[in-house]
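As a basis for the values below, the full set of heavy atoms in this structure was taken, side chains included, without hydrogen atoms, waters or symmetry mates. Whatever order the structure lists ligands and atoms in, that order sets their numbers, starting from 1.
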Amino acid sequence: MTIAQPVHIVPRAAASEPSGAQGAQRWPVAEIEALFALPLNDLIFRAQQVTREHFDPNEVQRSTLLSIKTGGCPEDCGYCPQSAHHDTGVEAGKLMDVESVRSAALAARAAGATRFCMGAAWRAPKDRDIEKVTELVKEVKSLGMEACCTLGMLTKPQAEALKDAGLDYYNHNLDTAPETYGRIISTRDYQDRLETLENVREAGMSVCCGGIVGMGESRRERAGLIAQLANLDPYPESVPINELVQVEGTPLHGTDKLDPLEFVRTIAVARITMPKAWVRLSAGRQQMPEAVQALCFLAGANSVFYGDKLFITGNPEVERDEKLFEKLGLRAAG
Ligand code: SAM
Ligand code: DTB
Ligand code: SF4
């Protein structure tokens with residue numbers, strides 16, 4: 001019996017060729033679909049090889065989320081419990097004060113998180129919102145943690161103000177393939193998202209950008225999302241892959257559950273196409289069996305949301321995660 005030779009997948013255009021080069025995308029969708037279609041052992045083997053070329057495979061970066069302004073969002077994202085368009089029972093609240101954010105960040109740090117991610121249910125923050133959020137960013141930075149925000153769409157000056165306050169990462173997801181976007185969200189379009197990513201990149205912050213699978217999309221559409229991410233130049237430093245958390249009252253509640261192995265394939269394809277990114281096993285972990293999570297780490301996930309809650313929905317308790325990481329021999333990344 002011969003041992004399977006490493007599967008060398010080399011994108012058509014040399015990796016060094018900028019994706020902006022005329023026509024030659026680093027990763028055409030068809031080549032990403034071919035990755036998805038590989039025998040699972042070959043796909044995971046290749047993804048684990050790529051992980052080991054750039055990371056310690058036994059380290060996991062931990063980020064803790066806090067919703068600093070909850071509910072009442074004017075956007076109609078079909079997955080989101082915070083949209084004012086959906087009757088999900090989520091109350092609209094005001095922006096949290098500095099003291100409350102400080103104590104949440106201290107608790108996250110004590111539990112072992114290295115990055116604190118503040119999210120707001122806005123389409124786009126107003127300038128006075130940005131002034132208040134910069135105070136929160138400075139507070140989190142004063143605790144020695146990395147700071148991340150996800151506030152919706154940003155203008156160039158707003159991105160610069162956040163950078164000046166010391167913000168390390170900005171999360172702004174593309175969420176699904178361009179051809180699927182209109183089925184999920186109608187109050188904005190893909191170009192809006194790409195412009196904010198441009199403003200964040202130009203302000204000099206690291207980009208956290210990923211999406212959601214399990215929204216009834218096809219494998220081709222999952223490949224289309226990964227193609228959008230992997231062909232950004234440069235691709236994001238952090239790529240969250242969420243599994244749809246189905247919330248009663250949202251249009252996507254009742255969607256057929258995605259085959260867990262298709263979720264694992266998505267993680268592996270994200271790893272191979274974005275070798276140096278922190279690939280984050282994101283929403284959906286609470287319902288995800290530990291054996292599937294273990295396969296995701298084997299497939300190249302090396303970051304998680306850590307703490308009992310995401311923004312609105314649940315997440316594995318810290319104690320449960322600690323036990324899982326111990327079983328898997330995973331350490332916290334610095
Ligand atoms: N309002 C800002 C925005 O949409 O960019 C930031 C907050 S929003 C909640 C951040 C991300 O959470 C979304 O882009 C989406 O990927 C993810 N998300 C929201 N609801 C989700 C759900 N029910 N299941 C999985 N991921 C979800
Ligand atoms: C990301 O891609 N997922 C996180 C973080 N980035 C902001 C948010 C997940 C939210 C899940 C549904 C909720 O709890 O609101
Ligand atoms: Fe609003 Fe963000 Fe939720 Fe969309 S995902 S409804 S923009 S909070």
Original post:
Does the distance from a Lys or Arg side-chain N to an Asp or Glu carboxylate O, for Lys69 and Asp129, drop under 4.0 Å?
Top reply: no
Val245 versus ligand 1: do any nitrogen or oxygen atoms come within less than 3.5 Å of each other? yes
Numbered in order shown, the ligand 1 atoms found under 4.0 Å of a heavy atom of Asp175 are 13 (C), 14 (O), 15 (C), 16 (O)
How about Cys73: does one of its N, O or S atoms come closer than 2.8 Å to atom 1 (Fe) of ligand 3?
-> yes
The side chain to side chain donor-acceptor pair (under 3.5 Å) partner of Tyr306 among Arg62, Arg285, Arg115 is Arg62
Hey, are Glu243 and Lys257 close enough for a salt bridge, meaning a charged N less than 4.0 Å from a carboxylate O?
yes
Of all protein heavy atoms, the one nearest atom 21 (C) of ligand 1 is Tyr79 CD1, 3.7 Å
Checking heavy-atom distances from atom 1 (N) of ligand 1 to each of Pro240, Gly211, Cys209, Ala120, the winner is Ala120
Ligand 3 atoms nearer than 4.0 angstrom to some heavy atom of Cys77 are 4 (Fe), 5 (S), 6 (S), 7 (S)
The side-chain contact (heavy atoms from CB on, under 4.5 Å) partner of Cys149 among Val133, Asp168, Val200, Leu154 is Val133
Near Ile312 (heavy-atom distance under 4.0 Å), the atoms of ligand 2 are 13 (C), 14 (O), 15 (O)
Do any nitrogen or oxygen atoms of Asn173 come within less than 3.5 Å of a nitrogen or oxygen of ligand 1?
-> yes
So is Phe311 touching ligand 3 or not, going by heavy atoms under 4.0 Å? no
Note: ligand 3 atoms sitting under 4.0 Å from heavy atoms of Cys80 are 3 (Fe), 5 (S), 6 (S), 8 (S)
| Within the structure, does Arg188 bring an N/O atom to less than 3.5 angstrom of an N/O atom in ligand 1? | no
Any non-hydrogen atom of Arg188 lying under 4.0 Å from ligand 3?
-> yes
I'd like to check atom 2 (Fe) of ligand 3 in this structure: does the protein have a heavy atom lying under 4.0 Å from it?
no
- Query: So, Glu262 and Arg222, do they make that salt bridge, N to O below 4.0 Å?
  - Reply: yes
Practice problem: Could you tell me whether Lys156 and Glu202 make a salt bridge, using a distance below 4.0 angstrom between a side-chain N and a carboxylate O? | Solution: yes
* **Under 3.5 Å: N/O of Pro81 near N/O of ligand 2** => no
Of Thr250, Val245, Asn242, the one whose closest heavy atom lies nearest atom 9 (C) of ligand 2 is Asn242
Within the 4.0 Å heavy-atom cut-off, what Met153 brings close to ligand 3 is neither
re atom 26 (N) of ligand 1, the protein heavy-atom contact at minimum distance is Ile212 CD1, 3.5 Å
Taking atom 12 (O) of ligand 1 as the reference point, report whether a protein heavy atom occurs under 4.0 Å from it.
no
Side-chain heavy atoms of Arg265 within contact of Leu43, under 4.5 Å:
yes
Query raised in the report: Is it true that the NZ or CZ of Arg280 lies under 6.0 Å from the centre of Phe305's six-membered ring and within 45 degrees of the ring axis?
Result: yes
Logged contact type for Val247 with ligand 2, heavy-atom cut-off 4.0 Å, is neither
The closest protein heavy-atom partner of atom 10 (C) of ligand 2 is Phe311 CD1, 4.1 Å
Check your understanding: Does atom 23 (N) of ligand 1 have a protein non-hydrogen atom under 4.0 Å from it?
Key -> yes
Ranked by distance from atom 6 (C) of ligand 1, the top protein heavy atom is Thr150 OG1, 3.1 Å
Ligand 3 atoms nearer than 4.0 angstrom to some heavy atom of Ala121 are 8 (S)
Under 4.0 Å between heavy atoms, the region of Trp122 that gets near ligand 1 turns out to be backbone
For Glu243, the atoms of ligand 1 under 4.0 Å from one of its heavy atoms are 25 (C)
So the atoms of ligand 3 within less than 4.0 Å of a heavy atom of Tyr79 turn out to be 5 (S)
One finds that the ligand 1 atoms under 4.0 Å from a non-hydrogen atom of Arg193 are 3 (C), 4 (O), 5 (O)
Numbered in order shown, the ligand 2 atoms found under 4.0 Å of a heavy atom of Asn171 are 6 (N), 7 (C)
ask   = Ion pair present between Arg201 and Glu198, side-chain N to carboxylate O less than 4.0 angstrom?
value = no
Quick check: does Ser282 get an N/O under 3.5 Å from an N/O on ligand 2?
no
Taking only non-hydrogen atoms of Thr313 and a 4.0 Å limit, the atoms of ligand 2 in range are 11 (C), 12 (C), 13 (C), 14 (O)
With a 4.0 Å cut-off on heavy atoms, does Phe305 reach ligand 2? yes
